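From a predicted model like this one, the values you see are computed outputs, not experimental measurements.
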Amino acid sequence: MSVRIGHHLCLGMLAGLCMANVWASAERPTLVLGYPEREKKPFMAEAPNNAGIYQAILKRAAERVGAELKIERLPKKRIFQYMSEGRVDLYPGNPTAERSKSMAWILLGMRSRNICLVRADVPSFRHLSEAPPLRLIHEVGDSHADLVIQYPQLKGVLAAAQISMHDAVRMLRGGYGDLFVTQRETYLYYLHTQKVASLARYQIRYEEDCIGPEREHVLG
């Protein structure tokens with residue numbers, strides 16, 4: 001993953017938000033980043049710990065435009081509600097039609113790739129368009145839930161409000177579903193913490209190009 005701290009578009013958007021906050025009050029502007037309570041390392045630790053890539057980059061960016069960064073850990077649906085109400089300013093995630101009703105999106109300055117974790121007994125495939133019928137495990141408000149619309153052979157399995165990598169591995173091992181989509185960096189970080197080279201011991205494999213090439217991280 002490449003990181004370009006201080007991306008001009010990101011700084012420009014933050015500066016615009018700061019000016020709006022200054023007009024609303026005479027105090028130093030505070031930008032509120034909304035993020036789910038569960039961990040997604042290395043991007044964000046489990047609440048209440050906010051350590052990770054997102055805090056490091058956006059705190060520095062906020063400081064460069066004269067603002068403070070505040071991180072609120074909330075359920076996803078509440079983040080989107082607060083975003084529409086103006087109580088949350090920033091959300092790093094994937095655009096969807098519903099989210100875009102209350103969010104504008106700009107490049108965050110990082111590139112990453114979504115990968116598929118699948119049960120080992122699932123026939124091999126290169127892309128989800130070629131995949132057999134699979135049960136897709138996803139959490140409440142997850143943008144990946146829209147994959148069932150794009151790929152009709154998939155069936156969504158709403159598992160929980162928050163799903164960590166540990167939860168996803170447990171659910172796949174237990175046959176709760178066949179497929180889980182996450183970011184490559186999150187998968188690699190999990191392997192690092194578990195001190196394993198792969199999830200083969202759990203009868204789980206990963207398909208790197210299942211959704212497509214690397215993409216830009218965006219900030220809502």
Side-chain angles (χ1 to χ4, degrees), residues 1 34-44 46 74-81 91-101 103 105 111-191 193-194 196 198-218 220:
M1 175 179 62
Y35 201 81
E37 296 158 313
R38 58 104 168 95
E39 70 173 41
K40 194 174 184 180
K41 296 178 179 177
F43 300 99
M44 187 77 76
E46 185 175 2
L74 302 162
K76 276 189 177 180
K77 286 192 174 182
R78 192 177 304 170
I79 292 173
F80 307 144
Q81 175 189 340
Y91 172 73
N94 296 321
T96 66
E98 184 64 28
R99 294 176 185 180
S100 296
K101 293 178 181 178
M103 299 184 197
W105 302 89
R111 294 183 65 84
S112 184
R113 182 193 302 270
N114 283 326
I115 59 99
C116 294
L117 299 180
V118 295
R119 291 169 51 87
D121 56 0
V122 171
S124 181
F125 59 90
R126 290 184 58 84
H127 190 274
L128 280 181
S129 60
E130 306 168 355
L134 299 175
R135 296 167 296 161
L136 169 67
I137 299 171
H138 65 85
E139 60 186 29
V140 175
D142 192 346
S143 61
H144 296 141
D146 289 350
L147 291 172
V148 301
I149 301 174
Q150 188 174 359
Y151 306 106
Q153 79 276 27
L154 303 182
K155 177 183 178 181
V157 177
L158 180 59
Q162 312 287 344
I163 304 176
S164 67
M165 271 295 302
H166 177 77
D167 294 332
V169 170
R170 178 175 53 82
M171 291 175 185
L172 289 170
R173 292 182 67 188
Y176 192 81
D178 309 303
L179 167 68
F180 182 75
V181 177
T182 189
Q183 286 173 278
R184 179 175 55 190
E185 289 75 21
T186 302
Y187 166 72
L188 293 176
Y189 189 89
Y190 181 78
L191 296 183
T193 58
Q194 299 299 308
V196 296
S198 73
L199 297 178
R201 67 168 66 179
Y202 304 130
Q203 297 300 301
I204 297 171
R205 75 172 191 274
Y206 104 111
E207 301 282 356
E208 179 163 311
D209 297 318
C210 64
I211 295 180
E214 283 191 336
R215 62 179 180 82
E216 292 278 358
H217 280 252
V218 293

Taking the side chain as everything from C-beta on, heavy atoms only, tell me whether [X] gets closer than 4.5 Å to [Y].
| X | Y | result |
| --- | --- | --- |
| Q183 | N114 | yes |
| L147 | I211 | yes |
| H138 | L158 | yes |
| Y190 | L199 | yes |
| R99 | Y91 | yes |
| P92 | M44 | no |

What closest approach, in Å, do [X] and [Y] show between heavy atoms, and which atom pair accounts for it?
| X | Y | value |
| --- | --- | --- |
| I163 | E139 | N-OE1, 2.8 Å |
| K76 | V140 | CD-O, 3.6 Å |
| V148 | L136 | CG1-CD2, 4.1 Å |
| P36 | Q162 | CB-OE1, 3.5 Å |
| P95 | W105 | CA-CZ2, 3.6 Å |

Which value, rounded to the nearest 0.5 Å, describes the distance between [X] atom [atom1] and [Y] atom [atom2]?
| X | Y | atom1 | atom2 | answer |
| --- | --- | --- | --- | --- |
| E37 | I79 | CD | CD1 | 8.5 Å |
| T182 | I137 | OG1 | CD1 | 12.0 Å |
| M165 | R170 | CE | CZ | 12.5 Å |
| Q194 | R201 | CD | CZ | 8.5 Å |
| S164 | R38 | OG | CZ | 9.0 Å |
| M103 | E98 | CE | CD | 10.0 Å |

Checklist line | Expected output: side-chain Q153 to main-chain L128 donor-acceptor under 3.5 Å | finding: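 A pair under 3.5 Å: yes.
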Notebook entry, point to check: Would you say the side-chain atoms of E130 pair up with the backbone N or O of F125, donor to acceptor, closer than 3.5 Å?
Noted result: no
Next item on the list: With sequence neighbours excluded, tell me which residues meet side-chain hydrogen bond (donor to acceptor under 3.5 Å, both in side chains) with D209.
Entry: R113
Next item on the list: Over 60° means perpendicular and under 30° means parallel, so classify the ring planes of Y206 and Y187, tilted if in between.
Entry: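 Because their plane-to-plane angle is under 30°, the rings of Y187 and Y206 count as parallel.
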Next item on the list: Check whether the side chains of S129 and H127 place a donor and an acceptor atom closer than 3.5 Å, and report yes or no.
Entry: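 Yes.
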In a table with atom names and distances, give each donor-acceptor pair under 3.5 Å that connects a side chain of residues 173-181 to protein atoms at least two apart or in another chain.
residue : atom : partner : partner atom : Å
D178    : OD1  : R135    : NH2          : 2.9
D178    : OD2  : R135    : N            : 2.8
D178    : OD2  : R135    : NE           : 3.0

Name the atoms and distances for all side-chain donor-acceptor pairs under 3.5 Å in residues 116-124, with sequence neighbours left out.
residue : atom : partner : partner atom : Å
R119    : NH1  : L172    : O            : 2.7
R119    : NH2  : D121    : OD2          : 3.2

Next item on the list: Taking the six-membered ring for Trp and the single ring otherwise, decide whether the centroids of F43 and Y189 are under 6.0 Å apart.
Entry: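 That pair fails the under 6.0 Å test.
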